*Asks:* 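Here you go, one structure.
Just so we're clear, the structure is a prediction, and the values are computed from it rather than from any experiment.
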Amino acid sequence: MTEEFNGINYDKLMERALKHVVIEALRIAADEGLPGESHFYISFKTNHPDVRMSSDLLNRYPEDMTIVLQHQFANLMLSDNYFEVDLSFNGVPHTLRIPYESITYFADPHARFALSFSVPEETGTPSAEAAAAAETAKKVSGGGAEVVSIETFRKNK
């Protein structure tokens, strides 16, 4: 019997489980603050329909953006489908609402931990912004950060 089983989408299950790691890390940061030297790099698709950010930022980052949660962020709040955070860009405060499904990359360089998520089918490759964030995380962590991509777990087609 060589028929391929297509009943369960394990790719989506795996992606959801890995996104849950990001959500729990954000929850810890919201509830307890960032421990020690931990900080987060988060890349996301700004053109996702549920992203909320100022038109000024959206004009500057029409497709992708990477934020860093370290010392200067406030009001980190989580909901079932997104998180919100207040950040300052060039001295101007902004509130960003970032849906979890728009996240393409998450890293804590201090912990040498990173996750890369698949991107929408129409682009086919990770964004340049997410790739740059991954390289930055590796450099900051002394080259020891290993990016775990959901693609690692996909079956060859």
*Asks:* At their closest point, which heavy atom of K45 faces which heavy atom of V51, and how far apart are they?
*Replies:*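 Heavy atoms of K45 and V51 come nearest at O-CG2, 3.3 Å.
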*Asks:* Cluster question for you: counting only ILVMFWY and a side-chain heavy-atom cut-off of under 4.5 Å, with indirect links fine, are I28 and V22 together?
*Replies:*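 Different clusters: I28 never reaches V22 through Ile, Leu, Val, Met, Phe, Trp or Tyr contacts under 4.5 Å.
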*Asks:* Does the pair R97/D50 count as a salt bridge with the N-to-O cut at 4.0 Å?
*Replies:*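 No, this pair does not count.
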*Asks:* L26 and F40: side-chain contact (heavy atoms from CB on, under 4.5 Å), yes or no, with the steps?
*Replies:* CA-CA 9 Å; L26 287 167; F40 302 152; 4.1 Å; yes
*Asks:* Is any side-chain heavy atom of F73 closer than 4.5 Å to a side-chain heavy atom of I67?
*Replies:*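 SC-SC contact between F73 and I67 ruled out.
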*Asks:* How about E84 and T95: does a side-chain donor come under 3.5 Å of a side-chain acceptor?
*Replies:*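 E84 vs T95: no donor-acceptor pair found between side chains.
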*Asks:* Please walk me through it: do F83 and L96 pass side-chain contact (heavy atoms from CB on, under 4.5 Å)?
*Replies:* CA-CA 8 Å; F83 72 96; L96 286 79; over 6 Å; no
*Asks:* Identify whether the distance between the nearest side-chain nitrogen and carboxylate oxygen of E24 and R27 falls below 4.0 Å.
*Replies:*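 Looking at R27 together with E24, the answer is yes, because their closest N to O distance falls below 4.0 Å.
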*Asks:* Less than 4.5 Å apart, side chain to side chain, heavy atoms only: is that true for Q72 and S88?
*Replies:*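 They are not in side-chain contact.
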*Asks:* Output yes when a side-chain donor or acceptor of K19 lies under 3.5 Å from a complementary backbone atom of I103, and no otherwise.
*Replies:*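 Checked: pair present.
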*Asks:* Would you say the side-chain atoms of Y105 pair up with the backbone N or O of S43, donor to acceptor, closer than 3.5 Å?
*Replies:*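 Checking the backbone N and O of S43 against the side chain of Y105, no donor-acceptor pair under 3.5 Å is found.
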*Asks:* CD/Q70 to CG/L87 distance, rounded to the nearest 0.5 angstrom?
*Replies:*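 Separation between the atoms: 12.0 Å.
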*Asks:* Less than 6.0 angstrom separating the ring centers of F106 and Y41, yes or no?
*Replies:*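 No, the ring centres sit 6.0 Å or more apart.
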*Asks:* Under a 4.5 Å side-chain heavy-atom rule over Ile, Leu, Val, Met, Phe, Trp and Tyr, are M77 and M53 clustered together?
*Replies:*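 No, no single cluster joins them.
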*Asks:* How long is the span from the CZ atom in R112 to the NE2 atom in H110, to the nearest 0.5 Å?
*Replies:*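 Reported value, rounded in 0.5 Å steps: 9.0 Å.
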*Asks:* So does D56 pair up with R60, basic N to acidic O under 4.0 Å?
*Replies:*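 Counted as a salt bridge, because a side-chain N and a carboxylate O are separated by less than 4.0 Å.
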*Asks:* Where the side chain of T46 meets the backbone of E63, is there a donor-acceptor pair that is under 3.5 Å apart?
*Replies:*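 Such a contact is found between T46 side chain and E63 backbone.
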*Asks:* Rounded at 0.5 Å granularity, tell me how far OG in S118 sits from CE in M14.
*Replies:*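 Atom-to-atom, S118:OG and M14:CE are 12.0 Å apart.
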*Asks:* Could you walk me through whether V92 and H94 pass the side-chain contact (heavy atoms from CB on, under 4.5 Å) test, one step at a time?
*Replies:* CA-CA 7 Å; V92 179; H94 293 269; 3.6 Å; yes
*Asks:* Roughly how far, to the nearest 0.5 Å, is CG of D108 from CD1 of I42?
*Replies:*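 CG of D108 is found 10.0 Å from CD1 of I42.
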*Asks:* Just do the side-chain contact (heavy atoms from CB on, under 4.5 Å) check on L13 and E15 with the steps written out, would you?
*Replies:* CA-CA 6 Å; L13 292 175; E15 181 125 349; over 6 Å; no
*Asks:* Could you tell me which residues satisfy ring-ring contact (aromatic ring centres under 6.0 Å, His included) with F44, sequence neighbours excluded, listed by chain and number?
*Replies:*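 Not a single residue meets the ring-ring contact (aromatic ring centres under 6.0 Å, His included) criterion with F44.
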*Asks:* For Y61 and D64, work out which heavy atoms get closest and say how close.
*Replies:*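 Closest heavy-atom pair between Y61 and D64: CB-O, 3.4 Å.
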*Asks:* I'd like to know if L76 and Y82 are part of one continuous hydrophobic network [Ile/Leu/Val/Met/Phe/Trp/Tyr, side-chain heavy atoms within less than 4.5 Å].
*Replies:*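 No, Y82 and L76 fall in different hydrophobic clusters.
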*Asks:* Rounded to the nearest 0.5 Å, what's the gap from CG on D86 to CG on N75? Could you check?
*Replies:*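 The CG atom of D86 sits 4.5 Å away from the CG atom of N75.
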*Asks:* Going from CG on N81 to OG on S102, what distance comes out if it is rounded to the nearest 0.5 angstrom?
*Replies:*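 Reported to 0.5 Å precision, the distance equals 11.0 Å.
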